[in-house]
Amino acid sequence: MLTCKHATELMSQELDRKLSWRERMALRLHLMMCNGCHRYRKQMEFLRRAMRRYGGGDPGGG
Amino acid sequence: MKDEIERYLSERRGDLVRFATLQLRNRDQAEEAVQQATLAALENADRFAGRASVRTWVFSILKNKIIDRLRHGQRESTFSELAGPEEDGADLAEYFTERGFWRPGAKPARWVEPDDDLEQEQFWRVFELCLEVLPERTARVFMMREVLGFETNEICKELSISTSNCWVILHRARGALRGCLEERWFAA
């Protein structure tokens with residue numbers, strides 16, 4: 001069973017490398033049960049969009 | 001088009017310098033990079049086709065100038081001189097209990113329609129503030145990855161750090177940025 005701490009590590013790493021099948025399954029299972037981590041993941045995706053836009057990646061950005 | 005670029009460069013110079021300072025963590029180098037980018041933008045103004053926004057176009061030039069500096073500067077010594085927590089430091093430990101679950105009160109809150117906030121100037125002020133308070137080494141790696149578009153293995157090579165160390169630093173940066181935005185913006 002994945003801890004939240006470990007789950008957040010995987011949620012960061014999935015932005016930098018392809019997770020293994022086992023890691024993806026463990027993470028998926030954890031996210032189904034933990035709404036804190038579920039939010040964390042959405043927020044990670046948001047941070048990536050925000051950083052891209054901050055760096056001028058998105059036309060008309062901030 | 002040229003007028004538009006000139007206007008942007010003069011009106012938004014502060015934005016450019018702040019952006020470059022965040023990447024380079026050195027005000028003089030940042031000023032120089034902005035100057036180079038400004039010159040390059042003016043010289044090539046006739047190549048700007050108006051397909052991207054002026055901001056996107058200018059930032060892409062500035063990013064290249066920053067990348068040149070990171071690549072050709074004395075990057076290794078510069079990186080090791082930057083202030084930052086030790087690699088093995090407990091990451092984001094303050095958020096978790098000893099058993100590794102969210103500490104009461106540290107659990108991520110719900111952010112309501114965060115993408116709408118990207119349209120607000122005030123959001124970006126807070127965003128920059130949260131980037132500024134990242135430790136220097138953490139910020140360097142994070143910016144290379146998320147803003148300058150380096151792959152993780154390139155970052156490791158450029159900065160002479162291990163891949164796993166790189167992941168730890170990126171994780172720490174994202175967690176800290178998330179926590180700061182939640183505290184200062186989404187739950188403020």
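So you know, we letter chains A, B, ... as the sequences are listed, proteins then strands, and number each from 1.
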Rounded to the nearest 0.5 Å, what separation is found between the CG atom of Leu131(B) and the CE atom of Met51(A)?
5.0 Å
Toward chain A, the part of Leu148(B) with a non-hydrogen atom under 4.5 Å:
neither
Is there a continuous path of hydrophobic side-chain contacts, each under 4.5 Å between heavy atoms, that joins Leu39(B) to Val54(B)?
no
Taking the hydrophobic residues Ile, Leu, Val, Met, Phe, Trp and Tyr, and joining any pair whose side-chain heavy atoms are under 4.5 Å apart, which ones share a cluster with Trp21(A)?
Met25(A)
Is any NZ, NE, NH1 or NH2 atom of the basic residue among Glu9(A) and Arg172(B) found under 4.0 Å from an Asp or Glu carboxylate oxygen of the other?
no
NE2 of His171(B) to CG of Asp16(A): how many Å apart, nearest 0.5 Å?
11.5 Å
Region of Gln120(B) in contact with chain A, defined by heavy-atom distances below 4.5 Å
neither
Name, in order of residue number, those residues of residues 29-39 of chain A that have a heavy atom at a distance of less than 4.5 Å from a heavy atom in chain B; otherwise write 'none'.
Cys34(A), Asn35(A), Gly36(A), Cys37(A), Arg39(A)
Report, as yes or no, whether the 6.0 Å neighbourhood of atom CZ on Arg110(B) holds more than 12 heavy atoms from other residues, nucleotides or ligands.
no
Side-chain donor or acceptor of Thr3(A) paired with backbone N/O of Phe101(B) under 3.5 Å:
no
How long is the straight-line distance from CZ of Arg17(A) back to OG1 of Thr152(B), given to the nearest 0.5 Å?
10.0 Å
Where does Phe127(B) contact chain A at under 4.5 Å (heavy atoms): side chain, backbone, both or neither?
side chain
Pick one of side chain, backbone, both or neither for Glu151(B), based on which atoms fall under 4.5 Å of a heavy atom in chain A.
neither
One should read off an interatomic distance between Glu146(B) CD and Leu15(A) CG, to the nearest 0.5 angstrom, of 6.5 Å
Which bit of Phe46(A) is near chain B, if near means a heavy-atom gap under 4.5 Å: side chain, backbone, both or neither?
side chain
Verify the cluster assignment for Ile5(B) and Phe59(B): are they in a single hydrophobic cluster under the rule of side-chain heavy atoms below 4.5 Å apart?
yes
Can you hop from Val133(B) to Val141(B) via hydrophobic side chains spaced under 4.5 Å?
no
Hydrophobic cluster identity match, Leu134(B) and Met143(B), side-chain contacts under 4.5 Å:
yes
Taking all non-hydrogen atoms of both residues, which atom of Trp102(B) and which atom of Cys4(A) are closest, and how far apart?
CD1-SG, 3.4 Å
Which value, rounded to the nearest 0.5 Å, describes the distance between Leu47(A) atom CG and Arg174(B) atom CZ?
8.5 Å
Under 3.5 Å, side chain of Lys63(B) to main-chain N/O of Gly55(A), donor-acceptor pair present?
yes
Where do Thr8(A) and Phe96(B) land on the side chain to side chain contact (heavy atoms under 4.5 Å, CB included) test, with the steps shown first?
CA-CA 11 Å; Thr8(A) 59; Phe96(B) 302 103; 3.7 Å; yes
Contact part of Leu62(B) toward chain A, heavy-atom cut-off under 4.5 Å: side chain, backbone, both or neither?
neither
Count I, L, V, M, F, W, Y as connected when their side-chain heavy atoms are under 4.5 Å apart, and connections chain through other members. Are Leu16(B) and Leu22(B) then in the same cluster?
yes
What is the distance from atom CG of Leu181(B) to atom CD of Gln43(A), rounded to the nearest 0.5 Å?
9.0 Å
Residues Arg53(A) and Arg55(B): closest non-hydrogen pair is O-NH1, 3.1 Å
Can you tell me which portion of Asp115(B) sits under 4.5 Å from chain A's heavy atoms? Options are side chain, backbone, both or neither.
both
Ala106(B), part contacting chain A, at a heavy-atom distance under 4.5 Å
neither
